[in-house]
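See below for the structure under consideration.
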Amino acid sequence: MFAQIIVDVPAKGTNRLFDYLIPPSLITTVEIGSRVEVSFGGRVLQGYVVGLSRESNYEISKLKPITRVLDVEPPLTEELVSLARWMSDKYLCHIAAALGVMLPGALKGKAERYVVVNEATVSSADSSLDESLVQTSGQDTMQAIMTFPIQQSILSYLRSKNKVTLPELLDTFAEDIGTVKQMFESGVLQEVQAVRDRLAVRKVLTVFAKFGAEHLREVAEKLPAQAHKQKDTLLAIAEHDKPLRVTELNELVPGAAGAARTLANKGLIELKEVEALRDPYAGRKFVRTDALQLTSDQQIVFQAIEQAVVASYHEVFLLHGITGSGKTEVYLQTIQSCLDLGREAIVLVPEISLTPQMVERFKGRFGDQVAVLHSRLSQGERYDEWRKIKRGLVKVAIGARSAIFAPFKRVGLIIIDEEHESSYKQEETPKYHARDVAIRRAELNDAVVVLGSATPSLEAIHETDYEQDGTGRFKLLSMHNRASGGLLPEVHIIDMRDELKQGNRSMFSKGLYKAIEERLHKKEQTILFLNRRGYATFVMCRTCGYVAQCPHCDISLTYHQKSHAMRCHYCGYAERELKRCPSCDSEHIRHFGTGTQRVEEELYKLFPSIRVIRMDVDTTSAKGSHEKLLTAFRNKQGDVLLGTQMVAKGLDFPDVTLVGVIAADTVLGLPDFRAGERTFQLLTQVAGRAGRHLLPGQVFVQTYMPEHYAIQASSRHDYAAFAEHELEARKARGYPPYHKMMLITFMHEQVPPLIRAASSFADELRKRGAALSMRGDSQLPCLDVLGPVASPIPRIKDRYRFQCVVKYRMDTLASQLVAETAELFEERLAKEKIGFSVDVDPQYLM
DNA sequence: TTGTAGCGCAGT
DNA sequence: CTGCGCTACAAG
């Protein structure tokens, strides 16, 4: 039998199948989806089995065998393997990269090299040494006598330590390199390679009783008085009647760990290392909740989705529900239906809104059937949650983007909450969009996809046949009322230009100031939102306007409070805080502190007694701090919750009646065709935090562009008006969703060769596009190549960047054309060392 | 990606 | 002539 393997080397030359022999001993364990150890081009690495066959086209005598299977059960399924191939086509990434992103970090095995003693040769080597002592004379004998103890000490060194690397050995026996060499030549020592996982399965020392409880009690009673520890321990074990962790035992009987060892020696119990799953939510009680009575809106939506789930009919629903309309309850109940059918469900949530509150709702309803995957878990915890899924111990996976790869076997329902969030697009290779992967995965499983949002992306709304031109693939479901029956908050747009004219130079308008003051009186709470973008923490000289920049990246350095350093966001370059301006020597150089810090200071100035809880990168970096701050706010230990994106989404506090947006238009100024969409989404989301329960809410939006349609529409809670306007604009300019897009970036240390290569690449692509249009599938050009132009960040890590934007109609053809052209240029780009990357459906054109 | 073979150049 | 660095190339 032969296995077709993708080796874990994401590179052009290795992005293909390699045949390997399956040794007879492994024939029953190697499956499609297995992770195996293979030797490949003089080294050992991990590979993924993506196919099995009885024949090989490769010369069989040259095939190498699979040396080891790395997991008890294959970590991937056939379905995930086929999904990886699809991703590789769609996103022009290496299959190894696509497979890699599906596995938890713990399973990225890397080869380790170390020196081993070939025990079989040792005795013969010793005896040959003895012989040489007898047979030879003079210098040879002297040498043998000299090296013999050295050999012995090398051997005992290696036997005492495990996994000694060659450099380590040479370092330790630096004086005797000659002897070490000899030992390698004679075969006594060997360097071997083996794949080792980044992380081991956690083992816990566990007590197993070897006799029944009755017998143990009897023995315990007979123990001498001074052995009371042993007696207590034994009784505790007898009491428990199940295998017990030593740590638990120690809690019951302090000092039991020692006694347990003695008892084990007496043969009464056994101590064994047992595989354990770390539970990040261990010891936390979740209050069980039952299904709520659905509102009529919810009921209609629920029935539509449930019907498809029950019928196992692949369908994509776009659930447009205003903030507070109760989307989560609909999710919970549809998931229940899915589980009732014996199928599993995946719930994707943007990282930022995967709050404890959210987890609680799912754990509360489905208990320990839920696995949670988010970035704040340690690698070990993440691995264990993943294994729960893999082993079928849970039926629901909730997590951020990469949870779409949860290794379930029969996915019946995939829910993507806040579908419009750009964080569903991975910015690193493989640059996949979880929404598209979800739809593909659902197709493969006859599963249902629910995309939920209060502000659907234009891509999604376009797919619902919004314009009734028959192009839609999604079914639109809507919920226009808040589940609580409450009203959407009243939104006031405040023209900051007027404020300035009236002499108000503070960052708070009079209206917002008054509103905050009022909440303080009424003991109600306020959320203040500050968009991070635009309020960068750069360092500027107030005398000459000098801005500290990264010497490698053409981007401003960011000031870091903690280390008093200025850091580059892109390459990590850091230098110490400046006391004087390097350009004009002025002392008036200072950082424009994180926007939130400035706002906080100002708040304390305006309202000396105010209690502000600030949430930004600085205050939430420690593990669990995010949760702590939110709990404090919930317990009304703060009057104001001030923060960046983190406070914009998903939070639900009953006493929040005021939301203030300090500067609504910072995003609008960015050179991005999605700027309007982002602004609308953000404002709508933030506004949705106010007045979610009994108390009515109020929102103040401060802006310098009050007439902008995104701001206007969001203030009226009018998604339809916004969508109509925005779609019109996109259509006119040929942007998504009417055209698809690809961003091709070229990178090099020097500009001229970079421009030359990028230009000829663009020309070639245009030529091919034109040739294809000529063949007449469509009258319109199927491909429009813009650029090359300098990227918005023109240099990163000393490499200049130029980019081409490709707009196109049919995605497979365009990907193919780009792939072909890339292949054609492969040699040239490699030779000139020009970096090249493709982003399909980019979220940001930079 | 990485190990190696092949090549040229410098240093002994 | 050895040794090191660079490049090109292949990997089952």
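Everything numeric in this text was worked out from a predicted model, so none of it was measured. Just so we're on the same page: letters track the sequence lines, and every chain starts at 1.
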Audit row: A:Thr172, A:Leu169, side chain to side chain contact (heavy atoms under 4.5 Å, CB included) steps and yes/no | CA-CA 5 Å; A:Thr172 318; A:Leu169 184 70; 5.6 Å; no

Pairs meeting criterion salt bridge (Lys or Arg N to Asp or Glu O under 4.0 Å) with involvement of residues 18-41 of chain A, two or more places apart = A:Arg35-A:Asp71, A:Arg35-A:Asp197, A:Glu37-A:Arg68

Fit a plane to each ring of A:Phe40 and A:Phe18, take the angle between them on a 0 to 90° scale, and name the class: parallel (under 30°), tilted (30 to 60°) or perpendicular (over 60°).
-> perpendicular

Could you tell me which residues satisfy side chain to side chain contact (heavy atoms under 4.5 Å, CB included) with A:Ala276, sequence neighbours excluded, listed by chain and number?
-> A:Val204, A:Arg245

Outermost DNA chain B nucleotides near chain A [under 4.0 Å, heavy atoms] = B:dT1 to B:dG3

Under 3.5 Å, which protein N or O atoms sit close to an N or O of nucleotides 10-12 of chain C? Give each pair with its distance.
residue : atom : partner : partner atom : Å
C:dA11  : O3'  : A:Gly41 : N            : 3.4
C:dG12  : OP1  : A:Gly41 : N            : 3.2
C:dG12  : OP1  : A:Lys64 : NZ           : 2.4
C:dG12  : O3'  : A:Asp19 : O            : 3.0
C:dG12  : O3'  : A:Lys64 : N            : 2.8
C:dG12  : N7   : A:Tyr58 : OH           : 3.1
C:dG12  : N3   : A:Asp19 : N            : 3.3

Who passes side-chain hydrogen bond (donor to acceptor under 3.5 Å, both in side chains) against A:Glu820, sequence neighbours left out?
-> A:Arg768

According to the side-chain hydrogen bond (donor to acceptor under 3.5 Å, both in side chains) rule, which pairs have a member within residues 91-109 of chain A, sequence neighbours left out?
-> none

Of A:His748, A:Gln750, A:Met747, which meets side chain to side chain contact (heavy atoms under 4.5 Å, CB included) against A:Arg799?
-> A:Met747

